[in-house]
J.: 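The structure that follows is given in the form of structure tokens.
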Amino acid sequence: MKEADYGASGYGETGIVHSLAQSRHLFLFGMSLALLGGASPGYASPTEAAFEHAVDAQRAAIAKENSATPGTPWAGDYYSGDGLGANVSVSLAPRSGVAATWQGCLGTYAANKGRVVPQADGSLLLKYEQPNDPSGIGFADHVMPVVWGERMYMVSEKELPAFASAINLGDEPREGAYGSFLMRNGDEHRKVYGLPALPSAQRSLIREAPLDVGVVSASRLHDNRADQFECRYRLVLDHGANDRLAVGMDLRATGVYAGNRITLEQTTSTRAVGTLSLYGDECTKPDQQPSTRTRFTTGAYRGMASNEKP
């Protein structure tokens with residue numbers, strides 16, 4: 001497990017709480033599998049161990065190809081994670097393909113390898129050999145290389161709106177290696193300038209001025225995920241697509257819940273719906289439940305308003 005440099009990572013106080021919550025879920029996931037007698041992270045079967053070695057061998061072949069024949073802009077090694085339960089490393093090369101690993105406190109949670117298939121729009125399809133769960137303990141299988149100044153990101157097609165909102169909220173461009181989006185190793189030391197080379201629909205989501213967003217209604221979700229450590233609320237917001245809100249974006253709460261994030265799941269022209277997750281003591285204080293008094297902000301990218309280079 002890496003020792004996270006939170007001060008330089010772009011993970012604020014709320015990001016640390018979210019990271020700890022994710023690590024806790026992964027720990028419980030591994031322990032549940034162990035109690036059931038199944039394979040768990042850190043306890044690979046001989047077959048799984050052999051495949052992990054094959055993934056390592058493919059990563060070595062990727063590094064050799066990229067060293068011998070540089071020139072493909074998107075080729076290289078990428079990382080995203082929090083230094084705790086989520087440390088995702090993806091290596092890419094035109095001929096040698098893709099090698100991906102997800103490691104955490106309990107060992108290797110997932111490993112896969114396969115082919116890289118460039119698409120006409122510049123995106124990449126990653127054809128993995130083993131079953132892959134992009135929305136769970138797995139890897140994105142359709143990614144977009146995103147150039148931003150001297151940096152290269154590899155962003156899942158579904159996460160492009162979230163990447164735009166991360167820029168608005170100040171999570172990107174990050175100052176350290178830790179972050180929510182795959183970034184080429186070492187690029188935290190490289191400069192960005194202008195705006196990232198996103199498709200126009202997502203590029204338009206990067207804001208010059210923040211938008212203040214209110215709550216029309218709030219209701220607590222009662223599902224299997226809810227416990228004393230985490231609780232979730234479904235909120236209907238008073239702005240929508242007309243104000244450049246899009247599914248997948250994050251907004252940051254202000255006031256009582258300052259720092260907490262809501263992820264947008266639905267939008268109409270004038271409304272948006274999203275889920276707010278709270279943690280720890282926030283779940284046990286009735287007077288702090290989200291309500292129509294709760295406010296959010298989109299944030300805004302300071303680089304939009306000046307020629308200053310972050």
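Since this is a predicted model, take the numbers as computed values, not measurements.
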J.: I'd like to know if the side chain of T72 reaches the main chain of A75, judged simply by a donor and an acceptor atom lying under 3.5 Å from each other, with no hydrogens or angles considered.
T.: no

J.: Return yes when atom NE2 of H53 has more than 12 non-hydrogen atoms of other residues, nucleotides or ligands closer than 6.0 Å, and no otherwise.
T.: no

J.: Kindly say whether R207 contributes a backbone atom to a donor-acceptor pair with the side chain of N168 at under 3.5 angstrom?
T.: yes

J.: To the nearest 0.5 Å, what is the distance between CG on L182 and OG on S156?
T.: 9.0 Å

J.: Measuring from R203:CZ to L198:CG, what's the distance to the nearest 0.5 Å?
T.: 7.5 Å

J.: Between P210 and A300, what is the shortest heavy-atom contact and its length?
T.: N-CB, 3.6 Å

J.: N132 versus D141: any side-chain heavy-atom pair under 4.5 Å?
T.: yes

J.: Is there a donor-acceptor contact under 3.5 Å from the side chain of E52 to the main chain of A111?
T.: no

J.: Do K127 and L125 pass the side chain to side chain contact (heavy atoms under 4.5 Å, CB included) test, and can you show the C-alpha distance, the side-chain angles, and the key distance before you say yes or no?
T.: CA-CA 6 Å; K127 298 286 190 178; L125 284 182; 4.3 Å; yes

J.: Any side-chain donor paired with an acceptor under 3.5 Å for R252 and T297?
T.: no

J.: Has the side chain of T108 got a donor or acceptor atom that lies under 3.5 Å from a matching backbone atom of A110?
T.: no

J.: Decide yes or no for Q58 and I62: does some side-chain heavy atom of the first lie under 4.5 Å from some side-chain heavy atom of the second?
T.: yes

J.: List the atom of P131, the atom of N112, and the distance in Å for their closest heavy-atom pair.
T.: O-ND2, 3.6 Å

J.: Return the minimal non-hydrogen interatomic distance between R184 and P73, and the atom names on each side.
T.: NH1-O, 3.6 Å

J.: Dump the intermediate steps for side chain to side chain donor-acceptor pair (under 3.5 Å) on E172 and Y153, then the final yes or no.
T.: CA-CA 11 Å; E172 293 289 354; Y153 292 83; 2.7 Å; yes

J.: Considering only NZ, NE, NH1 and NH2 on the basic side and carboxylate oxygens on the acidic side, decide whether E265 and R234 come within less than 4.0 Å.
T.: yes

J.: Do R59 and T101 meet the criterion of a side-chain donor-acceptor pair at a distance under 3.5 Å?
T.: yes

J.: Hydrophobic cluster membership, with links at side-chain heavy-atom distances under 4.5 Å among I/L/V/M/F/W/Y: are V90 and I137 in one?
T.: yes

J.: Roughly how far apart are H222 NE2 and R220 CZ, rounded to 0.5 Å?
T.: 6.0 Å

J.: M183 and L195: same hydrophobic cluster, using ILVMFWY side-chain contacts below 4.5 Å?
T.: yes

J.: Whether the side chain of E65 engages the backbone of A63 through a donor-acceptor N/O pair (distance < 3.5 Å, no angle test) should be reported.
T.: no

J.: Can L160 and K158 be said to form a side chain to side chain contact (heavy atoms under 4.5 Å, CB included), step by step?
T.: CA-CA 6 Å; L160 289 172; K158 295 180 180 179; over 6 Å; no

J.: Examine distances only and state if a side-chain atom of S204 and a backbone atom of A201 form a donor-acceptor pair shorter than 3.5 Å.
T.: yes

J.: What is the minimum heavy-atom distance between W148 and P173, and which atoms define it?
T.: CH2-CD, 3.4 Å

J.: Taking the side chain as C-beta and beyond, is there a heavy-atom pair between V98 and R115 under 4.5 Å?
T.: no

J.: Check whether any side-chain N or O of D238 sits under 3.5 Å from a backbone N or O of G214 as a donor-acceptor pair, and report yes or no.
T.: yes

J.: Which value, rounded to the nearest 0.5 Å, describes the distance between R151 atom CZ and K191 atom NZ?
T.: 11.5 Å

J.: Please name the pair of heavy atoms, one in A246 and one in L205, separated by the smallest distance, quoted to 0.1 Å.
T.: CB-CD1, 4.0 Å

J.: Does any donor atom in the side chain of E150 or Y193 lie under 3.5 Å from an acceptor atom in the other side chain?
T.: no

J.: Is there side-chain contact between L211 and V213, with at least one heavy-atom pair below 4.5 Å?
T.: yes

J.: Just by distance, no angles: are the side chains of S123 and E157 close enough, under 3.5 Å, to form a donor-acceptor pair?
T.: no

J.: Parallel under 30°, tilted from 30 to 60°, perpendicular over 60°: which one fits the rings of Y128 and F139?
T.: tilted

J.: Are any of the side-chain heavy atoms of V155 and P196 separated by less than 4.5 Å?
T.: no

J.: For the residue pair M152 and Y78, what are the closest heavy atoms and their distance?
T.: CG-OH, 3.2 Å

J.: To the nearest 0.5 Å, how far apart are CG in N66 and OG in S96?
T.: 7.5 Å

J.: Do side-chain atoms of R174 reach the backbone of F181 as a donor and acceptor pair under 3.5 angstrom?
T.: yes

J.: Between Y301 and E208, is a side chain to side chain contact (heavy atoms under 4.5 Å, CB included) present by the stated rule, with each step listed?
T.: CA-CA 6 Å; Y301 177 44; E208 183 174 355; over 6 Å; no

J.: Side chains of L245 and T298: does their closest heavy-atom pair fall under 4.5 Å?
T.: yes

J.: Please check if any side-chain donor atom of N87 sits under 3.5 Å from a side-chain acceptor atom of S89, or the reverse.
T.: no

J.: Let me confirm one number: the OG1-CG distance from T263 to D250, rounded to the nearest 0.5 Å.
T.: 4.0 Å

J.: Can L92 be reached from W102 by stepping across I, L, V, M, F, W or Y side chains whose heavy atoms are under 4.5 Å apart?
T.: yes

J.: Examine L169 and L235 and state if one hydrophobic cluster contains both, with Ile, Leu, Val, Met, Phe, Trp and Tyr joined whenever side-chain heavy atoms are less than 4.5 Å apart.
T.: no

J.: Hey, quick one: are V88 and V116 part of the same hydrophobic cluster, counting side-chain heavy atoms closer than 4.5 Å, chains of contacts allowed?
T.: yes

J.: Can we say D212 and R295 salt-bridge, meaning some charged N sits less than 4.0 Å from an Asp/Glu carboxylate O?
T.: yes

J.: Quick one, L124 and W74 - any side-chain contact, counting heavy atoms below 4.5 Å?
T.: yes

J.: Can you find a pair of side-chain heavy atoms, one from L251 and one from L264, that are under 4.5 Å apart?
T.: yes

J.: Tell me, with the steps shown, if T275 and Y233 meet side chain to side chain contact (heavy atoms under 4.5 Å, CB included).
T.: CA-CA 6 Å; T275 299; Y233 289 83; over 6 Å; no

